[in-house]
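This one's a predicted model, so the numbers in the text were calculated from it and none came from an experiment. Throughout, protein chains are lettered first and strands after them, A, B, ... in sequence-line order, and every chain is numbered starting at 1. Side chains included, hydrogens not; waters and symmetry mates left out as well; all remaining heavy atoms used.
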Amino acid sequence: MEKFKRTTVTSALPYANGPVHIGHLAGVYIPADIYVRYLRLKGEKVLFIGGSDEHGVPITIKARKEGVTPQDIVDRYHGIIKKSFEDFGISFDVYSRTSSKTHHDVASNFFKTLYDKGEFVEQTSEQYYDEEAKQFLADRYITGTCPHCKNEHAYGDQCEACGTSLSPLDLINPKSAISGSIPVLKETKHWYLPLDKHESWLRQWILESHKEWKPNVYGQCKSWLDMGLQPRAVSRDLDWGIPVPVDGAEGKVLYVWFDAPIGYISNTKELCDGNPQEYGKWETWWKDPETRLLHFIGKDNIVFHCIVFPSMLKAEGSYILPDNVPANEFLNLEGDKISTSRNWAVWLHEYLEDFPGKQDILRYVLTANAPETKDNDFTWKDFQARNNNELVAIFGNFVNRTLVLTQKYFEGKVPARGELTDYDKETLKEFVDVKHEVEKLLNVFRFRDAQKEAMNLARIGNKYLADTEPWKLAKTDMDRVATILNISLQITANLAIAFEPFLPFTSAKLRGFIHLPKFKWSELGSIDLLPAGHQTSTSELLFEKIEDDVMEAQVQKLLNTKKANELANYEPKPILENIAFDDFTKLDIRVGTVIDCQKVPKADKLLQFKIDDGLGGRTIVSGIAQHYKPEDLIGKQVCFIANLAPRKLKGIDSEGMILSAEDADGKLVVVSPTNGVKPGSEVK
RNA sequence: GGCGAGGUAGCUCAGCUGGUUAGAGCGCAUGAUUCAUAAUCAUGAGGUCGGGGGUUCAAGUCCCCCUCUCGCUACCA
């Protein structure tokens with residue numbers, strides 16, 4: 001740590017196609033904000049960089065669907081996201097966006113530098129081109145019939161009906177989603193970052209030099225490195241994004257994952273160029289070896305920030321590499337994965353409508369239950385318990401007791417401290433220890449435990465009051481009461497400092513109560529924060545209890561979402577276009593009896609069937625292993641397409657396709673005749 | 001199937017390079033207390049550390065096998 005003079009902290013750029021929810025906050029922004037506030041309080045030089053990620057295909061699709069421009073979409077969500085962060089006290093030095101002019105220039109130059117240095121590999125491949133719209137089609141812009149489930153509305157990268165990932169070339173009857181015309185294959189050139197060439201130094205850098213990274217991060221990197229790295233395309237044929245700054249690259253833009261992390265750099269530049277006196281030169285924050293670079297991210301981003309982006313920085317040559325990448329796991333909500341598309345989330349802007357002014361409760365709960373080592377679950381019950389039993393009962397209560405007693409006995413003025421007893425000294429020593437403990441934990445990104453440790457300060461205070469009982473002594477020994485309250489008030493002031501990184505709004509409110517305008521982290525542990533005679537205010541409450549009905553309303557809101565989702569899921573898919581009878585008769589569907597059935601080794605989803613088809617038997621491989629036990633199917637009759645061209649699966653020739661119905665929840669159920677029939681019977 | 005991360009008290013989690021009766025917070029029980037938002041304080045009950053085998057004088061901690069959860073990856077005619 002000593003070798004660094006300053007710290008650049010980045011937090012993952014949220015994708016501007018939707019608002020942000022508690023998962024974002026818990027995984028990335030709260031930990032980053034706590035860390036940054038902590039460093040600032042210590043007087044260290046630090047920049048906290050954020051911004052919206054505004055390029056990429058999903059934004060263009062959303063725009064098209066709504067009949068607006070991509071810029072409209074990102075303007076809308078950038079605004080909402082930025083406001084949410086401000087509302088929750090995420091203290092970015094800059095929150096900009098990748099559609100900015102600065103970013104376009106920086107990213108463009110970055111690419112150009114790598115291009116000129118020969119760090120890319122050029123490769124030409126065949127991709128679909130829309131001759132009417134005169135453009136190449138991104139995978140998402142091609143629709144067609146899924147070769148697996150025959151859904152006519154499959155996308156070029158994925159069929160949403162059966163969940164299969166596809167390549168555009170797999171689609172039957174591909175169609176352009178832009179013009180509706182039939183696309184043609186055309187050669188196109190793209191640039192690739194040859195990650196394989198970076199493998200050896202990455203291996204050394206991560207696996208040897210950064211064993212201190214969190215296990216989930218280190219393990220994920222090792223997994224990727226051991227699998228062997230492949231070149232990654234850095235350009236796309238698209239009109240939304242940063243144009244590839246090279247001759248002959250018309251109609252091509254930088255691939256979104258390439259431009260997004262550069263956004264950290266551009267946003268730094270924007271900040272520094274706008275106020276050089278305050279922030280200095282942007283290069284200092286990115287190129288000086290005495291700068292410590294930290295990326296706060298969620299686990300989905302590990303590979304980009306540990307492997308891809310460092311490779312880009314290394315290839316460029318003049319940049320420093322991240323010193324650590326503290327990545328969190330995921331937060332679930334009431335037992336289910338948070339999902340933007342299923343609206344299964346607690347949105348930050350909605351939370352503030354329901355709980356105005358209570359952002360610190362959410363900050364507290366999300367930190368106390370942060371997914372630091374594994375996925376965690378957010379429940380409203382836990383939210384209520386932590387508020388009522390911890391914030392209200394321990395923290396708020398201690399502050400309130402102290403201030404009320406001070407008011408009662410000393411008109412709100414800090415009383416002078418007399419001689420300290422041994423017990424007083426013991427108590428003081430304990431809360432000096434808290435400082436060291438919090439620091440130790442924050443330094444290794446253990447925010448959950450650090451916050452718990454800060455809470456200990458209030459516990460110490462409550463115990464101190466209970467043990468010394470100033471309300472009894474008030475009848476006999478006011479000097480002693482003065483000392484006790486003086487110490488209690490010092491503890492209160494310490495709480496304001498200790499909680500500033502975690503609960504900034506509460507800290508500010510508390511400082512208002514005790515009129516403590518200025519403070520530093522180094523003063524934590526001091527018993528001279530409030531001089532004798534200093535005035536404190538009659539307190540309002542720091543936290544309020546949350547009643548059951550309020551929580552029930554939130555749970556009900558989620559249940560309603562779930563119900564709405566179920567209804568939506570139950571809607572059957574629209575019927576496909578009519579076909580001629582001849583087309584039907586081309587299909588030869590038969591009934592067969594399962595003679596044998598077993599799992600295909602080394603495949604999770606495949607079962608291998610031996611079917612009696614009345615004609616000597618045949619082998620069929622079917623992807624239903626997750627829905628049936630092999631032995632349960634033996635002896636059953638199934639329907640299968642008998643004249644489908646055979647295909648090898650995991651080395652086994654599959655001679656046909658077993659028919660299954662897909663239930664609303666995605667469960668596959670084999671179609672079977674209601675009464676037994678002779679094997680080989682035709683289905684008409 | 002391969003790889004990665006997890007599986008420790010009712011719940012959420014600590015347990016560093018193996019070392020005496022396995023810890024914390026919440027919840028629960030009992031007692032004390034009233035300055036405080038029925039808040040606080042003390043005490044206590046609760047775990048064969050996912051299962052099995054092994055190494056060792058000694059294993060939650062190291063090795064092997066199995067099992068469950070999550071993620072990446074392959075497979076879904």
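Nucleotide rC11(B) has rG25(B) as its partner under the Watson-Crick or G-U criteria, with both atom distances under 3.5 Å. Across all strands shown, rG18(B) forms no Watson-Crick or G-U wobble pair with both distances under 3.5 Å. Pairing partner, rG71(B): rC3(B), with both Watson-Crick or wobble hydrogen-bond distances short of 3.5 Å. Using the Watson-Crick or G-U wobble rule with both distances under 3.5 Å, rA32(B) pairs with rU40(B). Pairing partner, rU56(B): none, since no Watson-Crick or wobble contact has both distances short of 3.5 Å. Remark: rG47(B) base-pairs with no nucleotide in the shown strands. Criterion, Watson-Crick or G-U wobble with two distances under 3.5 Å.
Dashed line: the shortest gap from a side-chain N or O of K374(A) to OP1 or OP2 of rG7(B) is not under 4.0 Å. A sub-4.0 Å separation between OP1 or OP2 of rA14(B) and a side-chain N or O of T373(A) is present. The phosphate of rG71(B) has neither OP1 nor OP2 within less than 4.0 Å of any side-chain N or O from N216(A). Contact check, R448(A) against rA14(B): a side-chain N or O comes under 4.0 Å of OP1 or OP2. Within the 4.0 Å cut-off from OP1 or OP2 of rG1(B), not a single side-chain nitrogen or oxygen of K650(A) is found. Here R446(A) reaches the OP1 or OP2 of rG15(B): one of its side-chain N or O atoms lies under 4.0 Å away. Remark: R459(A) is in phosphate contact with rC26(B), judged by side-chain N or O atoms under 4.0 Å from OP1 or OP2.
Taking the side chain of K337(A) as heavy atoms from C-beta on, and the options rC70(B), rU12(B), rU33(B), the nearest nucleotide is rC70(B). Closest to the side chain of L649(A), from the set rU37(B), rC75(B), rG71(B), is rC75(B). In the set rU40(B), rC76(B), rA5(B), the nucleotide with an atom closest to the side chain of K605(A) is rC76(B). The nucleotide whose nearest atom lies closest to any side-chain atom of K472(A) is, among rA5(B), rU40(B), rU34(B), rU34(B). Nearest to the side chain of I394(A), among rU40(B), rG71(B), rG1(B), sits rU40(B). Looking at the side chain of D604(A), the nearest of the listed nucleotides rG71(B), rU33(B), rG1(B) is rG1(B). Picking from rU37(B), rC72(B), rG27(B) the nucleotide with the shortest atom distance to the side chain of N389(A) gives rG27(B). Side-chain proximity of A466(A) to rU33(B), rU40(B), rA14(B): nearest is rU40(B).
Ion pairing of E329(A) with K299(A) is present here, as a side-chain N (NZ or NE/NH1/NH2) and a carboxylate O approach within less than 4.0 Å. Classification of E437(A) and K440(A) as a salt-bridged pair holds, one side-chain N sitting under 4.0 Å from a carboxylate O.
Using a 4.0 Å heavy-atom criterion, one finds that L542(A) contacts the bases of the nucleic acid, with or without backbone contacts as well. The residue K545(A) sits close to a base: some heavy atom pair falls under 4.0 Å. The residue F543(A) sits close to a base: some heavy atom pair falls under 4.0 Å. Heavy atoms of K222(A) sit nowhere under 4.0 angstrom from any nucleic acid atom. Within 4.0 Å (heavy atoms only), A393(A) reaches sugar-phosphate atoms of the nucleic acid but no base atom. Note on K452(A): a base of the nucleic acid sits closer than 4.0 angstrom, heavy atoms only.
rA22(B) and rC3(B) are spaced 32 Å apart, taking the C1' atom of each and rounding to whole Å. Comparing the C1' positions of rU30(B) and rG7(B) gives an interatomic distance of 34 Å, to the nearest angstrom. When the P atom is used for both rU48(B) and rC28(B), the distance is 23 Å, rounded to whole Å. With both ends at atom P, the span from rG4(B) to rG19(B) equals 25 Å, rounded to whole Å.
In this structure, the CG atom of D467(A) is 15 Å from the C1' atom of rU34(B), given to the nearest Å. When rounded to the nearest whole Å, the span between CG of N397(A) and P of rC35(B) equals 13 Å. Look at CG on L225(A): it is 12 Å from P on rG4(B), rounded to the nearest Å. Rounded to an integer number of Å, the gap from CD1 of I307(A) to C1' of rU73(B) is 14 Å. Regarding D375(A), its CG atom lies at a distance of 9 Å from the C1' atom of rA5(B), rounded to whole Å. Rounded to whole Å, atom P of rU12(B) lies 9 Å from atom CG of D382(A). In this structure, K463(A) places its NZ atom 17 Å from C1' of rC35(B), rounding to the nearest Å. Rounded to an integer number of Å, the gap from K440(A) NZ to rC16(B) P is 13 Å.
For the pair T402(A) and N388(A), nearest-nucleotide mapping onto RNA chain B gives the more 5' position to T402(A).
Between Y35(A) and F447(A), the ring planes are perpendicular. Angles over 60° get that label, and only those under 30° would be called parallel. Between H210(A) and W205(A), the ring planes lie perpendicular to each other; the angle is over 60°, past the 30° to 60° tilted range.
Applying side chain to side chain contact (heavy atoms under 4.5 Å, CB included) to Y464(A) and the options L428(A), T427(A), T402(A) leaves one that passes, T427(A).
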Evaluate ring-ring contact (aromatic ring centres under 6.0 Å, His included) for F383(A) paired with F355(A), printing each intermediate quantity in order.
-> CA-CA 12 Å; F383(A) 175 88; F355(A) 300 97; 5.7 Å; yes
Taking it one step at a time, do D596(A) and Q598(A) satisfy side-chain hydrogen bond (donor to acceptor under 3.5 Å, both in side chains)?
-> CA-CA 7 Å; D596(A) 191 24; Q598(A) 38 189 292; 3.0 Å; yes
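Of the N and O atoms on the side chains of Q626(A) and K605(A), not one donor lies less than 3.5 Å from an acceptor on the other residue.
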